[in-house]
Amino acid sequence: MKAAGAYLRVMRERLGISQAEVARRINVSSSQVHRIEEGPGETRASLVATVALAVEADPEDVIKLLADSNATEQIGIEMAQSRIKNRSGILPSPPIIHPEITNIALKMTEFQLGKWVSVGERMIEDRVKR
């Protein structure tokens, strides 16, 4: 979790927002955002996914870091820096996540969240094909 937390911290700092601001946007406590960034223990995947959305992180990067038991904090930092460097143009402003969406996502199990994300990905793919 430390690698993913470091990645999310760098992505948040790139936007110039505080942990408190992320917490406010996704309707959770600042301490929850802090715990995710510091990575001391287990955190619900739905909460990590919601924080990732709030800081415009690439979900695939977060999944890779969480899945790699050998990933270090430094690897997370380097992955975030690489992601930021490889983005072209002006970075979009941070998304405003509706509190109801956050509340629903926080109540989901990892399996339910995975299904929800899969449906969203299929919808995006369908739009791109049109």
Side-chain angles (χ1 to χ4, degrees):
M1 184 67 199
K2 280 205 175 273
Y7 173 87
L8 293 170
R9 181 183 67 245
V10 171
M11 297 301 284
R12 173 184 58 76
E13 290 171 347
R14 168 193 52 99
L15 296 174
I17 58 176
S18 66
Q19 290 176 345
E21 176 61 18
V22 172
R24 186 192 64 73
R25 289 180 182 185
I26 63 173
N27 200 29
V28 299
S29 70
S30 295
S31 64
Q32 287 177 294
V33 175
H34 176 77
R35 276 196 307 273
I36 288 169
E37 288 187 5
E38 294 304 312
E42 295 298 314
T43 304
R44 285 185 306 197
S46 59
L47 182 56
V48 174
T50 305
V51 170
L53 287 173
V55 299
E56 300 175 13
D58 187 317
E60 288 184 26
D61 290 347
V62 176
I63 291 168
K64 286 177 190 172
L65 291 168
L66 289 171
D68 184 355
S69 60
N70 296 316
T72 64
E73 185 174 356
Q74 187 59 37
I75 289 171
I77 291 168
E78 290 170 3
M79 185 180 282
Q81 290 170 338
S82 175
R83 176 66 59 194
I84 292 165
K85 181 180 175 185
N86 292 328
R87 286 188 177 174
S88 59
I90 298 171
L91 296 171
S93 60
I96 303 299
I97 300 172
H98 193 280
E100 278 303 309
I101 292 173
T102 301
N103 290 336
I104 291 167
L106 290 173
K107 294 175 185 170
M108 292 180 156
T109 64
E110 284 186 46
F111 177 75
Q112 291 169 324
L113 183 62
K115 287 177 68 175
W116 189 44
V117 169
S118 294
V119 169
E121 288 172 345
R122 282 194 298 268
M123 290 173 67
I124 291 168
E125 288 172 3
D126 288 345
R127 283 188 186 172
V128 170
K129 289 178 185 176
R130 289 186 218 164

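Keep in mind it's a predicted model, so treat the numbers as computed, not measured.
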In Å and rounded to the nearest 0.5 Å, what is the OG to CZ distance from Ser18 to Arg24? 9.0 Å
Which value, rounded to the nearest 0.5 Å, describes the distance between Glu78 atom CD and Thr72 atom OG1? 7.0 Å
Check Val22, Leu47, Thr50, Val28 against Ile36 for a side chain to side chain contact (heavy atoms under 4.5 Å, CB included) and give me the one that passes. Leu47
Treating Asn86 as the side-chain partner and Ser82 as the backbone partner, does any N or O pair qualify as donor plus acceptor under 3.5 Å? yes
Using a 3.5 Å distance criterion without hydrogens, assess whether the side chain of Arg14 forms a donor-acceptor pair with backbone atoms of Val55. yes
Listing request: all salt bridge (charged side-chain N to carboxylate O under 4.0 Å, His left out) pairs with a residue in residues 4-13, at least two apart in sequence or in separate chains. Arg9-Glu73, Arg12-Glu37
Under a 4.5 Å cut-off applied to non-hydrogen side-chain atoms, are Asn70 and Ile75 in contact? no
I'd like to know if Ile17 and Ile77 are part of one continuous hydrophobic network [Ile/Leu/Val/Met/Phe/Trp/Tyr, side-chain heavy atoms within less than 4.5 Å]. yes
Check Ala71 against Leu65 and note the closest heavy-atom contact, atom names and distance. CB-O, 3.9 Å
CG of Asp58 to CD1 of Ile84: how many Å apart, nearest 0.5 Å? 12.0 Å
For Ala20 and Ser30 the tightest heavy-atom approach is CA-OG, 3.3 Å
Between Met1 and Val48, is the side-chain contact (heavy atoms from CB on, under 4.5 Å) condition met? List the steps. CA-CA 10 Å; Met1 184 67 199; Val48 174; 3.8 Å; yes
If you group Ile, Leu, Val, Met, Phe, Trp and Tyr by side-chain heavy-atom gaps below 4.5 Å, do Leu15 and Ile26 land in one group? yes
Looking only at atom types and distance, does a side-chain atom of Tyr7 sit under 3.5 Å from a main-chain N or O of Ala57, one as donor and one as acceptor? no
Test Asp61 against Met11 for side-chain contact (heavy atoms from CB on, under 4.5 Å), laying out the working first. CA-CA 11 Å; Asp61 290 347; Met11 297 301 284; over 6 Å; no
